Amino acid sequence: MPELPEVETTARGLQKRVAGDTIEFVWIGNKTNFLKSPAEEVVRTLTGATIECVRRVGKHLVIDLHTNETPAKSKRSHARKTGSAKTRTQKSVSANSTAVSVAAENSQAQWIIHLGMTGRVLVCDPADPPAKHTHLVAELASGRQLRFVDPRRFGRVQVAAGSAFQAPGSEPIGADRGEFATLFHRSKAPIKSALLNQKLLSGVGNIYADESLFRAGLRPRRRANSLTRAELQRLYNALQEVLAEAILAGGSSISDYVDSSGEAGYFQLQHRVYGREGEPCLACKTPTKRIVIAGRSSHYCPKCQK
DNA sequence: ACTATTTCCTGGATGC
DNA sequence: TGCATCCAGGAAATAG
């Protein structure tokens with residue numbers, strides 16, 4: 001299940017393999033509820049676009065494109081979208097005061113993919129048999145294909161004009177310590193819920209939330225605003241550590257391991273609490289507990305975590 | 001203005 | 001063996 005480290009690993013792999021390539025043709029399947037932008041807008045934006053860069057923004061995969069789309073068309077279609085998209089449009093437009101930079105902005109577009117629970121982006125040979133639940137195929141000038149596969153369709157695909165896509169919250173990696181503390185100081189929600197709230201930090205999912213809380217010695221039900229300065233510091237350190245280790249594990253595998261369907265192999269970080277209900281805590285042997293917070297499984301050691 | 005719960009989805013695991 | 005039921009979870013929608 002892709003969280004920040006997996007998305008980072010995927011982004012690096014894709015950057016390495018498809019940057020500089022051009023999308024020549026786009027196919028979209030029958031089930032289109034994974035699209036956040038209208039299908040025709042996705043097709044229009046992607047077709048003929050050159051992939052400049054693939055990167056991670058929060059839990060989103062962002063593919064920066066150079067397009068041939070005309071400014072007028074791009075603006076009108078973009079304006080149909082919902083609140084947050086409008087805000088971004090306004091931002092990106094207002095940031096460009098001269099006509100020249102507006103024109104430059106409009107030859108840029110972004111293909112934004114959220115992998116949800118089961119989403120994957122594969123680099124395939126056209127001869128590779130399509131995986132079940134393949135919802136979008138982009139044929140590349142190099143002769144290869146990018147395929148979006150997602151059985152559960154929790155993943156989301158959208159396109160946007162410009163290059164200003166932002167995640168709803170702060171970037172967890174290298175977040176400022178003070179800012180990190182401020183984010184959680186205001187929230188009365190359980191710290192576990194606050195960690196999962198993408199409007200605070202973008203990119204932390206269920207597994208790494210549990211792992212961070214375990215390393216920080218904090219119970220998931222603790223109210224975020226009850227954490228002391230020292231506890232927030234421990235949580236900050238734990239989160240940085242967990243994410244860095246997970247990316248390292250993924251990063252070491254991506255360079256030399258890509259399976260037959262072009263999928264990067266995730267060598268996941270060894271979980272210390274996640275999914276270990278009833279098993280002895282690795283530090284003190286107390287059986288690991290599992291509770292449900294905000295509808296999510298939360299694992300913790302009742303002795304080590306206060 | 002909050003937080004908490006439900007809903008969307010399918011495949012794999014479990015139970016009878 | 002086969003069928004029904006449950007469970008996993010990111011994030012939007014809905015409820016409290």
Side-chain angles (χ1 to χ4, degrees), chain A residues 1-11 29-37 56-62 81-88 112-121 130-136 148-158 160 165-172 182-213 220-227 239 243 246 261 263 266 268-269 271 273-278 288-300:
Chain A
M1 45 200 85
E3 290 189 27
L4 185 151
E6 289 76 26
V7 178
E8 178 72 35
T9 300
T10 302
N30 302 328
K31 308 221 170 137
T32 56
N33 63 349
F34 71 99
L35 294 175
K36 282 180 83 178
S37 309
R56 175 191 64 79
V57 175
K59 235 178 276 188
H60 303 262
L61 215 47
V62 172
K81 291 202 290 186
T82 51
S84 60
K86 265 181 197 163
T87 308
R88 284 195 298 274
I112 300 141
I113 302 171
H114 192 298
L115 297 174
M117 275 294 296
T118 52
R120 290 171 299 157
V121 177
K132 209 176 165 184
H133 309 294
T134 298
H135 303 301
L136 187 151
F148 176 71
V149 180
D150 186 8
R152 245 128 117 186
R153 303 210 302 283
F154 278 13
R156 292 292 177 263
V157 165
Q158 61 184 312
F165 177 81
Q166 292 171 28
S170 305
E171 166 60 42
T182 309
L183 287 177
F184 296 108
H185 214 251
R186 291 168 223 237
S187 174
K188 280 193 275 192
I191 185 60
K192 170 66 185 282
S193 300
L195 281 170
L196 292 179
N197 184 347
Q198 301 296 299
K199 289 182 180 122
L200 298 177
L201 287 179
S202 294
V204 181
N206 203 40
I207 296 174
Y208 296 108
D210 278 8
E211 294 295 317
S212 303
L213 289 169
R221 270 216 232 271
R222 281 282 298 279
R223 300 281 145 180
N225 63 3
S226 80
L227 299 189
L239 181 62
L243 294 178
S261 58
E263 184 174 12
Y266 299 143
Q268 288 224 333
L269 192 66
H271 304 149
V273 276
Y274 183 83
R276 300 191 71 248
E277 181 183 11
T288 301
K289 276 205 163 195
R290 185 182 81 92
I291 57 176
V292 174
I293 300 173
R296 298 286 163 262
S297 282
S298 303
H299 311 75
Y300 70 99

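Residue numbers start from 1 in every chain, and the chains themselves are labelled A, B, ... in the order their sequence lines are given, proteins ahead of strands. Values below: all heavy atoms of this structure, side chains included; hydrogens, waters and symmetry mates excluded. Just so it is clear, the model here is predicted, and its values are computed rather than measured.
Within the nucleic acid shown, A:Lys132 comes within 4.0 Å of sugar-phosphate atoms alone, with no base atom in reach, counting heavy atoms only. If you check every strand for non-hydrogen atoms under 4.0 Å, A:Arg290 touches sugar and phosphate atoms only. Nucleic acid contact for A:Arg186: none, since no nucleic acid atom lies under 4.0 Å from a heavy atom of the residue. Nucleic acid contact class of A:Asn33 (heavy atoms, under 4.0 Å, all strands): sugar-phosphate only.
Remark: A:His114 is in phosphate contact with C:dA11, judged by side-chain N or O atoms under 4.0 Å from OP1 or OP2. A sub-4.0 Å separation between OP1 or OP2 of C:dC7 and a side-chain N or O of A:Ser297 is absent.
Exactly one residue among A:Val57, A:Leu61, A:Ile113 makes a side chain to side chain contact (heavy atoms under 4.5 Å, CB included) with A:Val7. That residue is A:Leu61. A side chain to side chain contact (heavy atoms under 4.5 Å, CB included) with A:Tyr300 is found for one member of A:Ile291, A:Thr288, A:Val273 and no other, namely A:Ile291. Considering A:Lys192, A:Arg290, A:Arg276, A:Arg296 in turn, A:Lys192 is the only one that fulfils the salt bridge (charged side-chain N to carboxylate O under 4.0 Å, His left out) rule with A:Asp210. Applying the side chain to side chain contact (heavy atoms under 4.5 Å, CB included) test between A:Leu195 and each of A:Leu200, A:Leu213, A:Asn206 identifies A:Leu213 as the sole match.
A distance cut-off of 5.5 Å between ring centres, combined with a plane angle under 30°, places A:Phe154 in a stacking arrangement with the base of C:dG10.
If you walk DNA chain B from 5' to 3' and mark each nucleotide with an atom closer than 4.0 Å to a heavy atom of chain A, the marks span B:dT3 to B:dG11.
Computed from coordinates, the A:Tyr274 OH to C:dG9 C1' distance equals 7 Å when rounded to whole Å. Rounded to whole Å, atom P of C:dA11 lies 13 Å from atom CG of A:Leu200. If you measure from atom CZ of A:Arg153 to atom P of C:dA11, you get 18 Å, rounded to the nearest angstrom. Rounding to whole angstrom units, CG of residue A:Leu115 and C1' of C:dA8 are separated by 17 Å. Atoms CZ (A:Arg152) and C1' (C:dG10) sit 10 Å apart, rounded to a whole Å. One interatomic measurement links the two molecules: CE of A:Met117 to C1' of C:dC7, which rounds to 10 Å at whole-angstrom precision. If you measure from atom CD of A:Gln158 to atom C1' of C:dA12, you get 13 Å, rounded to the nearest angstrom. Between A:Leu195 atom CG and C:dG9 atom P there is a gap of 15 Å when expressed in whole angstrom units.
Two residues, A:Arg296 and A:Asn197, neighbour DNA chain B, and the one matched to the more 5' nucleotide by heavy-atom proximity is A:Asn197. Mapping A:Gly295 and A:Ser187 onto DNA chain B via the closest heavy atom, the residue that lands nearer the 5' end is A:Ser187.
Ring-plane geometry between A:His60 and A:His114 is classed as perpendicular, the angle between the planes exceeding 60 degrees on a 0 to 90 degree scale with a lower cut at 30. Aromatic ring orientation, A:His135 versus A:His133: tilted (interplanar angle from 30° to 60°).
Between A:Glu171 and A:Arg56 the shortest side-chain heavy-atom distance falls below 4.5 Å.
Under 3.5 Å, the side chain of A:Arg156 and the base of C:dA11 form no donor-acceptor pair of N or O atoms.
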